[in-house]
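Reckoned from all heavy atoms, side chains included, excluding hydrogens, waters and symmetry mates. Small disclaimer: the values here were computed from a predicted structure and weren't measured. Quick note on labels: first sequence line is chain A, next is B, and so on, each numbered from 1.
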Protein chains: 2
Amino acid sequence: MGTASVSVPPPRRRVLVVDDDPTVAEVVASYLDRAGFAVDRAADGPAAVARAAAARPDLVVLDLMLPGMDGLEVCRAIRQDGPVPVVMLTARGDEDDRILGLEVGADDYVTKPFSPRELVLRVESVLRRASALPARGPWLRSGTLALDPAARRALRDGVELQLTIREFDLLAFFLRHPGRVLGREELMRRVWGWEFGDLSTVTVHVRRLREKVEDDPARPRLISTVWGVGYRFDPEPGADADAGETTGVAADGGGTDG
Amino acid sequence: MGTASVSVPPPRRRVLVVDDDPTVAEVVASYLDRAGFAVDRAADGPAAVARAAAARPDLVVLDLMLPGMDGLEVCRAIRQDGPVPVVMLTARGDEDDRILGLEVGADDYVTKPFSPRELVLRVESVLRRASALPARGPWLRSGTLALDPAARRALRDGVELQLTIREFDLLAFFLRHPGRVLGREELMRRVWGWEFGDLSTVTVHVRRLREKVEDDPARPRLISTVWGVGYRFDPEPGADADAGETTGVAADGGGTDG
DNA sequence: CGGCCGACGTCCGTGTTTCGTAAGGTTCCT
DNA sequence: AGGAACCTTACGAAACACGGACGTCGGCCG
């Protein structure tokens, strides 16, 4: 009801391409895009892990040789949040790489140099094979909030929120870690994928997110500030809705905090 | 004595399966049963709502296509009595269904035709997520005090205390070492991380902490002064130790603070 | 092709919170 | 009684969060 006029985007599979070479990444992304995939990109390990955690792609194309973080490590890290099909890019056709890749959980691999068409075929193949598995993530819920990571849709009280990419990722991360204090550094690392950076960026985005999510952004109830430490997402105490105690802290009496 | 030999009484999760097709329902119920769930069944909307209201299942497996009452309506109706995880069965993997499911409050969905094994996996996954949250990190408790280090939350008699960083860390340290005298130097080292420093800092902070924690800060019962040595945190002396474990210092796990 | 607009990262001024220390007063032990 | 340890209060400085605003980049539309 209500939001009818919005034309539903086709259920495009989302692929995360991880490669530090801009040229390679560009070509791969381009081909995948033309093949009908929604392509996300990351240039290094931490960024890849962050984006994978935030966006939950249907498949990851992962270069084995990455600066800083090893590709295998990245693969492991990504897989820790759930099973995701991975197609690896390896420099040589060595058995070594193949073994390593398969060991770590890659579903297929392509050796450089490769034809983009072949890569697309492999991706499609792996996805076809994996479509029978529980790959697509469920919904995230807490109180009156509901997020659909796959469709990148956010609802509050059944009303769609118009969130930007960063805002969505940030909120999704909060929903995945309810009731826990998340420091700015941690958020910067796991949502932005930056190891260093101006932490005020986080502050500002939290502020903008509050603007859209909170009833009274000046007195936030969902994303509360923990002074000197960071922010904490709390399941709704329930001022308006009846349902909502799924994850709630039972013994809560005084909601007065301001 | 008597009930010793009984290994944990099976806390079987109860699942309500709602499907008008007896074959589907039978298969699903069978698999869920074998997976260790207590299965209840309903063939149509009204029956489902009634059984859900009566039995309060831990999860509902709900067919979207039901005779008479719409599956979405059923979902809404069931949810009105409280938040219950719902796994939807949909005919096609349409975005439409996905969006509807999101709006109506489902937690996951499976498209027909589906493998019963996958459904079981989804059910377990949703349940795991729903029940894992309250059992988050270990709390520090003692008497009427309860600290949640991960959330940086402090409760006394279920009422939240407004502690600053230092106060929280200090209290947490006391709770981790109940009944032991802690010298100012030691506190300065392990709470502040300073090797040297004005010890009166500790004194003042203990005072400020007492102000918020003690009933009568002038006559402290929790954090008592040991003259010439330091302070000692005592698990509450009688009268109020009603809440289960008096001194449940959970697994350590290492210092969080730095 | 150029202008418009949204998203994003950064910077700055301001009000608030927290912290460490200093300065008396009080209690306790010898 | 004397001295040391402890309590209490007060205050300045620093850290912190917030809101507003600006410049840039990229996509979209005219």
Side-chain angles (χ1 to χ4, degrees), chain A residues 9 22 26 29-30 33 38-41 47 50-51 54-55 152 154 161-171 181-185 187-189 191-214 216-220 223-232 257-258, chain B residues 152 154 161-171 181-185 187-189 191-214 216-232 257:
Chain A
E26 181 55 41
S30 157
D33 180 68
V39 182
D40 196 1
R41 284 157 71 171
R51 294 230 51 80
R152 300 211 131 242
L161 293 173
Q162 193 96 359
L163 300 182
T164 70
I165 300 174
R166 279 290 196 277
E167 286 160 4
F168 187 93
D169 289 347
L170 188 55
L171 181 56
V181 178
L182 304 169
R184 287 179 177 74
E185 298 207 11
L187 291 171
M188 178 122 275
R189 252 188 296 111
V191 176
W192 273 258
W194 300 352
E195 206 57 45
F196 308 103
D198 192 344
L199 295 183
S200 66
T201 295
V202 177
T203 307
V204 172
H205 275 272
V206 167
R207 182 178 105 58
R208 289 177 181 150
L209 180 56
R210 277 174 173 165
E211 205 80 32
K212 297 183 181 179
V213 166
E214 300 280 357
D216 182 1
R219 228 175 296 78
I223 304 172
S224 45
T225 301
V226 181
W227 222 90
V229 184
Y231 300 98
R232 183 185 57 214
D257 53 36
Chain B
R152 271 197 115 69
L161 295 173
Q162 192 102 354
L163 301 182
T164 70
I165 306 179
R166 284 268 139 79
E167 287 161 4
F168 187 93
D169 289 343
L170 188 55
L171 181 56
V181 181
L182 303 168
R184 286 178 178 71
E185 297 206 10
L187 291 171
M188 178 123 274
R189 254 188 295 111
V191 176
W192 272 258
W194 300 354
E195 207 57 46
F196 309 102
D198 191 343
L199 294 184
S200 68
T201 296
V202 177
T203 307
V204 172
H205 274 274
V206 167
R207 187 192 104 51
R208 294 207 257 246
L209 181 56
R210 277 173 173 163
E211 199 78 32
K212 296 182 180 178
V213 168
E214 300 279 358
D216 182 2
R219 230 177 301 36
R221 297 181 310 168
L222 274 57
I223 304 172
S224 44
T225 302
V226 181
W227 224 88
V229 187
Y231 301 98
R232 183 187 57 219
D257 31 48

Determine: side-chain N/O of [X] to OP1/OP2 of [N], distance under 4.0 Å, yes or no.
X: A/Y231; N: D/dC16; result: no
X: B/R184; N: D/dC7; result: yes
X: A/T164; N: C/dG6; result: no
X: A/R210; N: D/dG19; result: no
X: A/W192; N: C/dG9; result: yes
X: B/T201; N: C/dT21; result: yes
X: B/R208; N: C/dC19; result: no

Output the single nucleotide from [options] whose closest atom is nearest the side chain of [X].
X: A/S200; options: C/dC11, C/dG20, C/dT21; result: C/dC11
X: B/H205; options: C/dC8, C/dT21, C/dC19; result: C/dC19
X: A/D198; options: D/dA5, C/dG9, C/dC11; result: C/dC11
X: A/W227; options: D/dC18, C/dT18, D/dT8; result: C/dT18
X: B/R207; options: D/dT8, D/dG19, C/dC19; result: D/dT8
X: A/T225; options: D/dC7, D/dA17, C/dC8; result: D/dA17

With a 4.0 Å cut-off on N to O distance, would you call [X] and [Y] a salt bridge?
X: B/E214; Y: B/R219; result: no
X: B/D216; Y: B/R221; result: no
X: A/R152; Y: A/D169; result: yes
X: A/R189; Y: A/E185; result: no

Just the rounded figure in Å: distance from [atom2] of [N] to [atom1] of [X].
X: A/E211; N: C/dC8; atom1: CD; atom2: C1'; answer: 16 Å
X: B/M188; N: C/dG20; atom1: CE; atom2: P; answer: 7 Å
X: A/E185; N: D/dA17; atom1: CD; atom2: P; answer: 12 Å
X: A/R152; N: C/dA7; atom1: CZ; atom2: P; answer: 13 Å
X: B/L199; N: D/dA5; atom1: CG; atom2: P; answer: 11 Å
X: B/I165; N: C/dG20; atom1: CD1; atom2: P; answer: 10 Å
X: B/L209; N: C/dC19; atom1: CG; atom2: C1'; answer: 15 Å
X: A/L171; N: C/dA7; atom1: CG; atom2: P; answer: 16 Å

#### Entry: N/O donor-acceptor pair under 3.5 Å between A/R51 side chain and A/G193 backbone
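Such a contact is absent between A/R51 side chain and A/G193 backbone.
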
### Query
In this structure, which one of B/L187, B/L170, B/V191, B/V229 forms a side-chain contact (heavy atoms from CB on, under 4.5 Å) with B/L182?
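Among B/L187, B/L170, B/V191, B/V229, the one meeting side-chain contact (heavy atoms from CB on, under 4.5 Å) with B/L182 is B/L187.
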
